[in-house]
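What follows is a set of notes on a single structure, which appears directly below.
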Amino acid sequence: MIKITFPDQSVREFPEGITGYEIAESISPRLAKEVLSITVNDQLWDLTRTIQTDASVKLHKWEDTEGKHAFWHSSAHLMAEALQALYPGTKFGIGPAIENGFYYDVDPGNGVSISETELPKIEKKMQELAREKSEYKRREVAKQEALKFFSHDPYKVELITDLEDGTISFYEQGGFTDLCRGPHLPSTEPIKAVKILSVAGAYWRGDEKRKQLTRIYGITFPKQKMLDEYLVMLEEAQKRDHRKIGKELDLFTFSQKVGQGLPLWMPKGAKLRERLETFLKKVQVKYGYEPVITPHIGNKELYVTSGHYAKYGADSFQPIHTPAEGEEFLLKPMNCPHHCEIYKARPRSYRDLPIRFAEFGTVYRYEQSGELHGLTRVRGFTQDDAHIFCRPDQLKDEFKKVIDIIFYIFKALDFKDYVAQISLRDPKNTEKYIGSEENWDKAERAIIEACAEKGLNTVTEMGEAAFYGPKLDFMIKDALGRKWQLGTIQVDYNLPERFELEYIGQDNSAHRPIMIHRAPFGSMERFVAVLIEHTAGKFPLWLTPEQAVILPISEKYNDYAKEVQNYLNKLDVRTILDDRNEKIGKKIRDNELKRIPYLLIVGEKEAEEGLVAVRKQGEGDKGAMKKEDFAAFINSEVNSMLAEIDE
RNA sequence: GCCGAUGUAGCUCAGGGGUAGAGCGCUUCCUUGGUAAGGAAGAGGUCAUGGGUUCAAUUCCCAUCAUUGGCUCCA
C-alpha cells in the first residue's frame, strides 16, 4: 500500500500502481466524471499513469487552469490527427494549449495552403474523431528511437535533438503519435464541442529568418453550451473594439491620404484626450514636475549621441535633408534626448535634484506595416513623457513616487486588471544592450527593490529590457484579451553618460545624475484605445466629451432648451442640444446609443417651471428637477469622483 | 516585413460577365408628437487603385495600396 496525501493534508492508503483516475473514482463517481488531470508530487501527470510510491496529489477539473490545459492540449493533438487525415503528409511543429484554447503550427507541404474556408471541415473531422473515444496512450522512448520515428518530420527531429535522452515521451491517440511531455486526458471522449477559430502564419520557433508555418487556432469545450456561451462572449467583446466605438462616437479616424498609422483626432476625441492630459498635468504639478516643450524634429547628431540612431536609424522614417550641405534632421522618435539637452543648458547643483521635466511629446516611429492596429499601435503618437534626473540616493524614492502616480491614475479610471512586469536584460545576449555591467546591476536592483517596497505584485521577464536600461511596465488587456503596455518606468544610466550630464555635488566636484524615463499613460493613443474598450465607450462623467444632451419634446420648446443649454454650459456642464424635428422616443433612442450619461427632456411642463426631466443613460427616467439643481448635482458628482481619486 | 482574409453610398452590409441594391444616416416636405425607431419625397457610388483576359469587367486573373487575424518587431 502507498500513502496518498491530498491538498487538505488528509492522507489515504491505496494499493501500489493506482492511477489518478481510480483515486478520483474512489472519492466520488461525479469527481471521476469531471477530473481531467492530476498533479503528482508537483508534476503534472495523466490520470492513467500509475502511482508507485507515496505521493501528494491534486486532482484538476475544468475549473482549474491545469485541467483546461490538459483538455486543450489533448484537443491540439486531436486537431493534428484530423489534419493528418485531411492533409496527408502534413508535418507538425508545436501544438500547445494557450490561455483560451490551443493552436498547432503545421506545414501542410508542397504548395498546399489551408484557408479559412476549410476550417469547418477540420472542425467536423475533429468531432468525428472525438466520438471514437480513442485513448491517449503515453510511452517513453529513447532518443534514437524517437529520431527514427520522426525521421520524415524535420520539425520534430529538431525538437527531439534539443531534448535529453530519457526525458522523451510520445502520446498516441487514434492513428496519431506525437512527441509530447503531456499530460493528456484519458481519452478524446470529453471533447464534445469544437470550434476552429482562425489560421495565421507563424515563424518556426518564432524566428523570422526561418520558415513560416501555418498556425491553426481552436478551442474546445466539454459541453456545446459552453462553446455557445464563449462565442457569444467573443461577439460581445468585439462590440467593445475601440476601432468600432471610435467610429461610432466620432472620436478619431484615419485617412489613407494622411498616411498609414497616423491617427486623426476628431473634436470629441480631442476633448476626451485633453481632459486626460489636464488631469495628469494637475497630478504632475503636485509631484513636482515642470513642463517643457521641444520640437518635433532634431538634428541627426542628437540621436547619434543618444544611441537611437545606431539602433533604429535604418528602420525609421528617413532623415529630412535641408538645402544646406550635410544637414540631416530626424522626426523625433523619443523625447529624452531633447530633455537631456535642456538639463545640460546650464550647470546643475545637487541641491537642484531631482529635476523632473514633463512634456506631452509627439513622436514618430516607423512601425512595420503589419503591426499597425487601430490606436494601439501607430506611427505618430503622443507620450505623456517625463524624465527625472536624480542623484543615486534619490533613485529608489523617485521610482516609488512614479509608481504612486500610476496607481493613482489606474484607480481614477478603474483599471484593476493589470500586470506589472519587470523587464530585465537577457543574460545570454548582452551585446544587445549599451552601458556597463555595473550600472545595469544597479538599475535592475533599484527597480526590484522599489517594487518590493511598494508591495507590487510583479512578473519578471528576462530579455525584455530596453536597450539602455531595465523597466517596469504596466500591461492591460484589451477587449479581445490582447495585452498592451500602458504605463512604463525605466531606469537609465546610459543617456546621462552619453550626453555627459553632470551636477556639482556637495564635495564641489562633478557627478553623473541618473535618469528615469516614465509615462503613466504610455501613449495617449493607446491609453484612450484601452479606455474605450474597458468602458465600452461609457466614459466616466468627469471625462466624457458630452455630459448631457437636451431633448426638446417638440420644436416649440427649442428656445427653452437653448436657454437650459446656455445655463448649464456657463456652469461648466458640457451639453449638446438635439433639436432635430423628431419624436422624443427617436431622440432618446439615438442619444442613448451615443452613450451620453444624462438625457434632459424638456417640454411644456419643464419650460413653465424651469425644470429638466432627467434620464440616466442605460437606467431610464429619473424624474424632473430644477435646472439649477441638475447643474449642482452633476458638478457635485464630478467633484466627488475626482475627490475620491484624490484620497 | 511575413502568411491568410477583406475592400460595393457617410455607416453596416447584400449582389453579381451586360455600366448597381437594402437598412441606417443626410436634405426637403408633412407632422409638433412626453421617455429606445412617425410618414413621404430626394440627393448620394469611376463598386480601393493600376494593368490583363473578354464584344463587354464592379464581377474573372495579376500587381499595388489600405484594412484586418496572427507571426516577427516595438527606443
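Numbers restart at 1 for each chain; the letters A, B, ... are given by sequence-line order, proteins then strands. If you're wondering where the values come from, they're calculated on a predicted model, not measured in any experiment.
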Between [N] and [M], how far apart are the two [atom1] atoms, rounded to whole Å?
N     : M     : atom1 : value
B/G1  : B/C73 : C1'   : 9 Å
B/G7  : B/G45 : C1'   : 14 Å
B/U59 : B/U19 : C1'   : 12 Å
B/G15 : B/U32 : C1'   : 41 Å
B/U46 : B/G42 : C1'   : 23 Å
B/A9  : B/G23 : P     : 16 Å
B/U6  : B/A48 : P     : 13 Å
B/U67 : B/G52 : P     : 28 Å

Suppose we define a pair by two distances each less than 3.5 Å, Watson-Crick or G-U wobble; what does [N] pair with here?
N     : answer
B/G34 : none
B/A57 : none
B/A48 : B/U64
B/C2  : B/G70
B/C24 : B/G10
B/A75 : none
B/U19 : none
B/A43 : none

Is any side-chain nitrogen or oxygen of [X] closer than 4.0 Å to OP1 or OP2 of [N]?
X        : N     : value
A/Lys257 : B/A48 : no
A/Ser198 : B/G70 : no
A/Gln260 : B/A66 : yes
A/His373 : B/U67 : no
A/Arg243 : B/U68 : yes
A/Arg482 : B/G69 : yes

Grab the two heavy atoms, one from A/Gln383 and one from A/Asn335, that are nearest each other, plus how far apart they are.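 That would be OE1-ND2, 3.1 Å.
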
So, do A/Phe630 and A/Tyr598 have ring centers that fall under 6.0 Å from each other?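 Between A/Phe630 and A/Tyr598, the centre distance is under 6.0 Å.
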
Can the ring centroids of A/Phe357 and A/Phe389 be said to lie less than 6.0 angstrom from one another?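 Aromatic pair counts; centres sit under 6.0 Å.
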
Could you please name the option among [options] that lies closest to any side-chain atom of [X]?
X        : options             : result
A/Ala613 : B/U35, B/C71, B/C2  : B/U35
A/Phe467 : B/U32, B/U35, B/A75 : B/A75
A/Tyr203 : B/C30, B/C71, B/A75 : B/C71
A/Asn581 : B/G38, B/G70, B/U31 : B/U31
A/Gln368 : B/G1, B/A75, B/C3   : B/G1
A/Lys556 : B/C74, B/G33, B/A37 : B/G33

Within 45° cone of [Y] ring axis and under 6.0 Å: [X] NZ or CZ:
X        : Y        : answer
A/Lys300 : A/Tyr309 : yes
A/Arg379 : A/Tyr366 : yes
A/Arg425 : A/Tyr433 : no

Using atom [atom1] of [X] as one end and atom [atom2] of [N] as the other, report the distance to the nearest whole Å.
X        : N     : atom1 : atom2 : answer
A/Glu367 : B/C2  : CD    : P     : 17 Å
A/Ile588 : B/G34 : CD1   : P     : 11 Å
A/Asp621 : B/A36 : CG    : P     : 9 Å
A/Ile601 : B/A36 : CD1   : C1'   : 10 Å
A/Lys583 : B/A40 : NZ    : P     : 13 Å
A/Ile219 : B/G69 : CD1   : C1'   : 16 Å
A/Lys587 : B/U32 : NZ    : C1'   : 10 Å
A/Leu331 : B/A75 : CG    : P     : 18 Å

Distance criterion of 3.5 Å, no angle test: do you see the side chain of A/Glu208 paired donor-to-acceptor with the base of B/C2?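 Side chain to base: no pair present.
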
Does the side chain of A/Asn494 come under 3.5 Å of the side chain of A/Asn439 through a donor N or O and an acceptor N or O?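 On atom types as modelled, these side chains do not qualify, holding no pair under 3.5 Å.
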
Check whether the side chains of A/Glu118 and A/Tyr87 place a donor and an acceptor atom closer than 3.5 Å, and report yes or no.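 Result is yes, a qualifying pair exists.
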
Would you call the rings of [X] and [Y] parallel, tilted or perpendicular, where under 30° means parallel and over 60° means perpendicular?
X        : Y        : value
A/Tyr364 : A/His296 : tilted
A/Tyr468 : A/His308 : perpendicular
A/His73  : A/His77  : perpendicular

Can you list, by residue number, the residues of residues 603-612 of chain A that have a non-hydrogen atom closer than 4.0 angstrom to RNA chain B?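 Only A/Gly603, A/Glu604, A/Lys605, A/Glu606 qualify.
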
Closest nucleotide of RNA chain B for A/Tyr468 versus for A/Gly259: which of these residues is on the 5' side?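 Nearest nucleotide further toward 5': that of A/Gly259.
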
Nearest-nucleotide wise, let me know which of A/Glu464 and A/Pro552 is further upstream toward the 5' end of RNA chain B.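 Result: A/Pro552.
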
Taking the side chain from A/Trp72 and the backbone from A/Thr220, do they hold a donor-acceptor pair closer than 3.5 Å?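 Yes.
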
Strictly under 3.5 Å: I want the nitrogen or oxygen pairs between protein and nucleotides 4-12 of chain B, one per line.
from, atom 1, to, atom 2, distance (Å)
B/U12, OP1, A/Lys247, NZ, 3.3

A/Tyr312 on top of B/A75's base, within under 5.5 Å and under 30°?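 The base of B/A75 is stacked with A/Tyr312 (centres under 5.5 Å, planes under 30°).
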
Do A/Leu302 and A/His338 have side-chain heavy atoms sitting under 4.5 Å apart?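 Heavy-atom side-chain distance check passes, below 4.5 Å.
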
